[in-house]
Amino acid sequence: MSSFADPTLEGARSSRPSRARRAPVSRLGLILMAPAMLLLTLFFFLPVALTGVFAFTDLSTSTGIGRGDYVVTPNLLRELGDRGMSSADLEAVSRASVTVDAETIERARAAGVDGRFLDDIEGDFLGRSFDAPSDFERDLRRLRTAPRRARDLKSAAALFETSVLNQRFTTSDGLSAKLETLAPEVTPAARAQIVDASYTGARFTTENFERLATQKETARLVANTFLYVGATLSLFNVGLGLFLAVVLFYTPKGMSSLFSTLWLLPRITPVVLYAVMWKWFTWEGGFLPILAEQVGLPSFNYMKGSVVTAWATMITLNGFIGASFGLILFSGALRAIPVQQLWASEVDGASRWQQVRRIILPQMRWPILFVTAYQTLSLLSSYEQIWLTTNGGPGRTTTVWALEAFKTALSNYTGNLEYGMGAAMALVLVVVGLVLSLIYLRLFKFNELVGRPKIEI
Amino acid sequence: MRLHLDNFTKCFDGTPVIEGLNLTVEDGEMLALLGPSGCGKSTTLLSICGIYRADGGRILFGDRDVSALPSQRRNVGVVFQNYALYPHLTVEENIAFPLTVQKKRTDKAEVARQVREIAELIHIEALLSRRPAQLSGGQQQRVALARALVRKPDVLLLDEPLANLDAKLRLEMRSEIRRLQLETGITAILVTHDQVEAMSMCDRVAIMDKGEILQIDSPTEMYRAPANRFVAGFLGNPPITFLDGQTAQEGRFAMAEGLTLPLPAHLRNMPAGRPIALGLRPEHFGHGGAGQASGRVTFVEPQGREMLFDVQAAPGVTLRSIQPTRDDVAIGDEVTWSIDADRMLAFDADGRRL
Ligand SMILES: Nc1ncnc2c1ncn2[C@@H]1O[C@H](COP(=O)(O)OP(=O)(O)OP(=O)(O)O)[C@@H](O)[C@H]1O
Ligand SMILES: [Mg+2]
């Protein structure tokens, strides 16, 4: 770094007009950049933008992604009741009534009811409606053409019953009009509320974020995520990586390359295989529990059996994947220290430990910061290993934010995948990641690195 | 403290680079290890300070055999070619480093006092709070010297300390290092491949080639009486000219190319027909003497105070002369200049001086 640069020169350089040169460069630049921009748009901006949009909807399996209908279901009524709608109104809406009109007669004819019987019904009752199905049945029995068997009569009568329940309406007006005729005593406001709530399609809403901000579960997810990222990072990605790098720095060349390759295995093993290996390792009947049993220690399924061992397993298995990254980066940084510096420190009387602590480690500050920055981001968004191993358990004790987002949106037992909610959680991750990246870039003075060309032309 | 290498041997991957080397540096003496690149100077130095382990022989500091000691316990000060300052420490912390890593704790005030003392001796008091990246090459050099000296080492080792400096700074640091060495009275070894550096800074010069010491002598003696052809050729700028030929009748020397010269006085009685080589230094051509050579001037190199002339005395035989600047001789001129035959060096067929 040239901290001695003359400030006046510096100022002159930056104020030099550079526009004249920019035009011819930028066109070629654009052409060269186009494929990259296309890929970036397709695989990064678009997903992020979609996530951003979905995050503000209540999209889920039950809403589907197409247009919805208006349906009043018993479930919906129960929900409305929970939200405080009066039971009289609910009663009115769920009431079934009997109407004899062209439509219901047609329906009965289609269902195979005797034509003469229907003609009689039409003749006697057309345009009438009955409040209770039993009244209608009594009246029907008086007709000459009525079926002998009570059951046939009953089922024929049922065909004239109409209820708003479970009927699909494509427009809100349709449902509203129907409600008005069937339950005229329900106030327009309550009616509007029912119509609104009966929409089965996705809707724009900020409810996801309200839920995230208010539910108790969020605090636990955040705490879990902090613990997971912090512990994995400090113990393994940085701690173990640095430790190994320093140890290997002092071991003979052949040995050290063999050893670094070994540490790469967790990273290059397919993640499913890696997870299975850990299961063999920690499940009951696996290596560790059997070993523990021999030694007389408690032996159980370490991966899922207790909170502490589940956390230890999860952090360790993720840490082993990340440690190689730190190891490689730190090894490179160590090799960049001129060997004469190490010689000098030995001649100056420094022991191995003093050499590591006072000469080597202080010069590793940037690599450490870099690994921390980079791995925070990847740990924040990684869940595959957790999903494949502890799966957030026991209970939900090892569930981290990314895993919860994944489960909410794409994989859960109830079968109702809440895409909107999952997207909202993912969006939070993206925002946190971007903010962290900005902080890190400032920290690394990234602008300085890319801003000023090393060679002036 | 007297430094002695006794039958010292060093191998890399089984091949000996240095074999059975003997060398003594007297107490308070500064000795130059001079030799071409790859001859084993750095290897010797790094073995003395304990970075490399000797594969044979002994290394003695005074009466103490340090061969088996790690470098931490040898108490040597080393200045490396690229200075090897610790970039994350200030100048003050760099210089204090050897004091603060000692087993026996020195208290802070005492460390600061010693650092200041050495900084004053080396004239870098003003730089103490800077970091190495904020120093010029010469300043870094001084800091490296201060760090090497602060612990009052038994021996000071310098590996090409001036190689990275520009010509003017090199001149300045040359006398500066010598001044410090004389003031502190420390035993020192200077590794260099620059003969001027070696001759101007040191009490004695050891010339090395291919892992062997060919000659150890004071600079003047070595220049006047080199032990062999390699040493003669290595010392002197512009270099000596070798003439390969035979002794002839009447104490003369003759070359196949046709040039004949009188032999040096002490060789006049040699029987004729012996193959020998004469070494003619440029300052002995054109400055009086019994011999003579004539030829055409093929090259003139003005150097300010002096001028260098190449004279073709016979086909394929070019003699070189250095003379005070003159403007009466130009390229293409025929000249006849004297040769101081008695001060010419003579070597036998094996390269030993006669
Ligand atoms: N670590 C090493 N491993 C193997 N061979 C080495 C090693 N260090 C030096 N050598 C060899 O030993 C010989 C002497 O090397 P050394 O560095 O002592 O030369 P030097 O005289 O210091 O040369 P220079 O003036 O170029 O620094 C060389 O031939 C070199 O190739
Ligand atoms: Mg060297």
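Computed from heavy atoms alone, side chains included, the values below leave out hydrogens, waters and symmetry copies. As the structure is a computational prediction, the values presented were derived from the model and not from experiment. Residue numbers begin at 1 in each chain, while the letters A, B, ... track the order of the sequences.
For a residue to count as touching a neighbouring chain, one of its non-hydrogen atoms must lie under 4.5 Å from one of that chain's; by this rule A:Gln354 touches chain B with the side chain only. If you measure heavy-atom distances from A:Ser351 to chain B, the contacts under 4.5 Å come from the backbone alone. For chain A, no part of B:Arg74 is nearby; none of its heavy atoms comes within less than 4.5 Å. A:Arg358 touches chain B through backbone and side chain together, each having a heavy atom under 4.5 Å away.
Aromatic ring pairs are classed by plane angle as parallel below 30°, tilted from 30° to 60° and perpendicular above 60°; the pair A:Phe325 and A:Tyr374 is parallel. Under the 30°/60° scheme for interplanar angles, the aromatic rings of B:Tyr86 and B:His88 are found to be tilted.
A donor-acceptor pair shorter than 3.5 Å can be found between the side chains of A:Gln341 and A:Gln363.
Of residues 43-63 of chain B, those residues with a non-hydrogen atom less than 4.5 Å from any non-hydrogen atom of chain A are, in numerical order, B:Leu46, B:Cys49, B:Ile51, B:Tyr52.
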Discussion item. Does A:Leu242 form a side-chain contact (heavy atoms from CB on, under 4.5 Å) with A:Val371? I'd like the steps, not just the answer.
Written reply: CA-CA 10 Å; A:Leu242 195 57; A:Val371 170; over 6 Å; no
Worksheet item: Hey, mind stepping through B:Asp194 and B:Thr192 against side chain to side chain donor-acceptor pair (under 3.5 Å) and telling me if it holds?
Response: CA-CA 5 Å; B:Asp194 180 341; B:Thr192 176; 5.4 Å; no
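A salt bridge does not link B:Arg116 to B:Glu92: none of the charged nitrogens lies less than 4.0 Å from a carboxylate oxygen. Here B:Arg2 does not pair with B:Asp154 in a salt bridge; the nearest charged N to carboxylate O distance is not below 4.0 Å.
Side-chain contact between B:Thr90 and B:Ser129 is absent, with no heavy-atom pair separated by less than 4.5 Å.
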